[in-house]
S.K.: 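Before I ask anything, let me first share the structure, which is written out below as structure tokens.
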Amino acid sequence: MAEETKSGCTGDCSSCSASCGSRDPQSLIEPTKELNHIRHVIGVVSGKGGVGKSMVASLLAVAMRRAGKEVAVLDADITGPSIPKAFGITGRAEGSELGIFPAVSETGIKIMSINLMLEQPDAPVVWRGPVIAGAVKQFWSDVLWNDVDYMFVDCPPGTGDVPLTVFQSLPLDGIIVVSSPQDLVSMIVKKAYKMAEMMNIPVLGIVENMSYVKCPDCGKEIHLFATGKTQNVADELGVPLLGEMPIDPDLATLVDNGCIERVPSDYLQKATDLLLTLKDKEA
Ligand code: ADP
């Protein structure tokens with residue numbers, strides 16, 4: 001056990017989010033399987049639940065797959081997993097002595113989620129934070145991801161234990177913050193931004209979801225909330241606004257039917273263009 005110093009520092013950064021000179025941001029990164037070659041890891045985060053974070057993580061994965069990339073989604077939203085449902089994946093994950101095999105979607109996206117481990121997908125995960133965080137680490141370290149160009153990590157909302165684990169334990173290229181256009185956006189997005197900043201993780205940009213509704217008859221865009229708020233926050237923080245997605249009933253239906261890969265629209269073109277410019281970490 002590390003001894004506590006006068007400043008209160010035990011030298012154990014695993015339970016501390018302080019940004020101090022002695023912190024090596026790389027030091028807590030968990031190793032993954034030797035067989036795994038994962039070039040880019042992107043965290044998809046939100047300040048609060050229900051804004052469409054899993055939707056954006058899924059759509060980014062679909063878009064990158066369409067761009068011809070090897071893609072994976074690590075569903076770190078352990079208590080509210082929604083990735084398998086969106087991709088129509090049921091059943092349990094299998095393993096061998098080498099590790100756990102991810103599920104593979106219709107178009108070849110690799111997926112790991114707690115729901116692939118449960119006997120009943122509707123069984124609640126009633127675990128303490130450290131156990132949940134341990135499961136997320138295992139998804140990174142024990143799954144046979146093999147070759148992956150882009151891995152998207154669907155983080156649980158907020159700035160709690162699990163996002164902290166993801167930020168500390170996975171070699172993130174950066175995060176994409178998902179938000180909705182209500183009044184609270186500024187404060188909530190800033191919390192997520194500042195957490196990433198504390199952990200030396202780049203914020204690649206912000207996606208605003210549920211920005212407007214399109215009239216099915218005349219095509220007019222109806223903005224239910226005040227416009228421009230997310231753009232203002234993005235400008236203030238100096239990060240790009242990577243997309244404004246409408247509330248699209250077809251999207252909701254595709255997710256409900258497990259067919260997200262058949263989505264015809266590409267609302268996240270700007271985000272995917274940016275991701276394609278990231279420099280490869282590993283050949
Ligand atoms: P979060 O991950 O932030 O909790 P989800 O991605 O699970 O949120 O989205 C919450 C619900 O809203 C889901 O049923 C999802 O299908 C739906 N949804 C999210 N974004 C949209 C959208 N742009 N258009 C229609 N439905 C959406």
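Fair warning: this is a prediction, and the values are worked out from it, not measured in the lab.
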S.K.: For residues 70-121, which residue pairs pass the ring-ring contact (aromatic ring centres under 6.0 Å, His included) check, not counting sequence neighbours?
M.R.: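 Applying ring-ring contact (aromatic ring centres under 6.0 Å, His included) to every pair that reaches into residues 70-121, excluding sequence neighbours, yields nothing.
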S.K.: Under 3.5 Å, sequence neighbours excluded: what are the donor-acceptor pairs made by side chains of residues 264-277?
M.R.:
from: Asp266; atom 1: OD1; to: Leu268; atom 2: N; distance (Å): 3.3
from: Asp266; atom 1: OD1; to: Gln269; atom 2: N; distance (Å): 3.4
from: Tyr267; atom 1: OH; to: Asp248; atom 2: OD2; distance (Å): 2.7
from: Gln269; atom 1: NE2; to: Asp273; atom 2: OD1; distance (Å): 3.0
from: Lys270; atom 1: NZ; to: Leu241; atom 2: O; distance (Å): 2.9
from: Thr272; atom 1: OG1; to: Leu268; atom 2: O; distance (Å): 3.2
from: Thr272; atom 1: OG1; to: Gln269; atom 2: O; distance (Å): 2.9
from: Thr277; atom 1: OG1; to: Leu274; atom 2: O; distance (Å): 2.6

S.K.: Between Asp173 (side chain only) and Ile42 (backbone N and O only), is there a donor and an acceptor less than 3.5 Å apart?
M.R.: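 Not a single qualifying donor-acceptor pair exists.
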S.K.: List the atom pairs, donor and acceptor, that lie under 3.5 Å between side-chain atoms in residues 201-216 and the rest of the protein, sequence neighbours left out.
M.R.:
from: Glu208; atom 1: OE1; to: Ser211; atom 2: OG; distance (Å): 2.7
from: Glu208; atom 1: OE2; to: Thr230; atom 2: OG1; distance (Å): 2.3
from: Asn209; atom 1: ND2; to: Val51; atom 2: O; distance (Å): 2.8
from: Ser211; atom 1: OG; to: Glu208; atom 2: O; distance (Å): 3.3

S.K.: Holding to side chain to side chain contact (heavy atoms under 4.5 Å, CB included), I want the full list of residues that pass it with Gln138, two or more places apart in sequence or in another chain.
M.R.: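 With sequence neighbours excluded, Gln138 shows a side chain to side chain contact (heavy atoms under 4.5 Å, CB included) to Asp142, given in chain and number order.
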S.K.: Taking side chain to side chain donor-acceptor pair (under 3.5 Å) as the cut-off, I'd like each qualifying pair that reaches into residues 100-119, sequence neighbours left out, listed once.
M.R.: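 Residue pairs with at least one partner in residues 100-119: Asp75-Ser113, Ser105-Glu261, Glu106-Arg262, Thr107-Glu261.
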S.K.: Among residues at least two apart in sequence or on other chains, which ones pass side chain to side chain contact (heavy atoms under 4.5 Å, CB included) with Ala93?
M.R.: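 Listed in chain order: Ile100, Met112, Leu116, Met117.
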S.K.: Can you pull out every side chain to side chain donor-acceptor pair (under 3.5 Å) where at least one residue sits in residues 82-92? Sequence neighbours excluded, please.
M.R.: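 As it turns out, the side chain to side chain donor-acceptor pair (under 3.5 Å) pairs with a partner in residues 82-92, which skip direct neighbours, are Ser54-Ser82.
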S.K.: Does Val104 sit in a hydrophobic cluster with other residues, and if so which ones, taking ILVMFWY side chains as linked at heavy-atom separations under 4.5 Å, directly or through other members?
M.R.: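 Grouped by the 4.5 Å side-chain rule, Val104 forms a cluster of one, so the answer is none.
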S.K.: Tell me every residue that passes side chain to side chain donor-acceptor pair (under 3.5 Å) with Thr32, counting only those two or more places apart in sequence or in another chain.
M.R.: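 Partners of Thr32 by the side chain to side chain donor-acceptor pair (under 3.5 Å) criterion, ordered by chain and then number, come out as Asn36.
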S.K.: Taking ring-ring contact (aromatic ring centres under 6.0 Å, His included) as the definition, give me every residue that meets it alongside Phe139, ordered by chain and number, with sequence neighbours left out.
M.R.: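 Phe139: no ring-ring contact (aromatic ring centres under 6.0 Å, His included) contacts found.
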S.K.: With respect to Trp140, which candidate in Ile38, Val166, Val153 satisfies the side-chain contact (heavy atoms from CB on, under 4.5 Å) definition?
M.R.: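 So, applying the side-chain contact (heavy atoms from CB on, under 4.5 Å) to Trp140 and each of Ile38, Val166, Val153, only Ile38 qualifies.
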S.K.: Enumerate the salt bridge (Lys or Arg N to Asp or Glu O under 4.0 Å) contacts for residues 187-196, please, sequence neighbours excluded, ordered by first and then second residue.
M.R.: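 Listed by first then second residue: Lys190-Glu236.
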S.K.: Anything under 3.5 Å between a donor and an acceptor, one on a side chain of residues 123-135, the other on a protein residue two or more places apart or in another chain? List them.
M.R.:
none

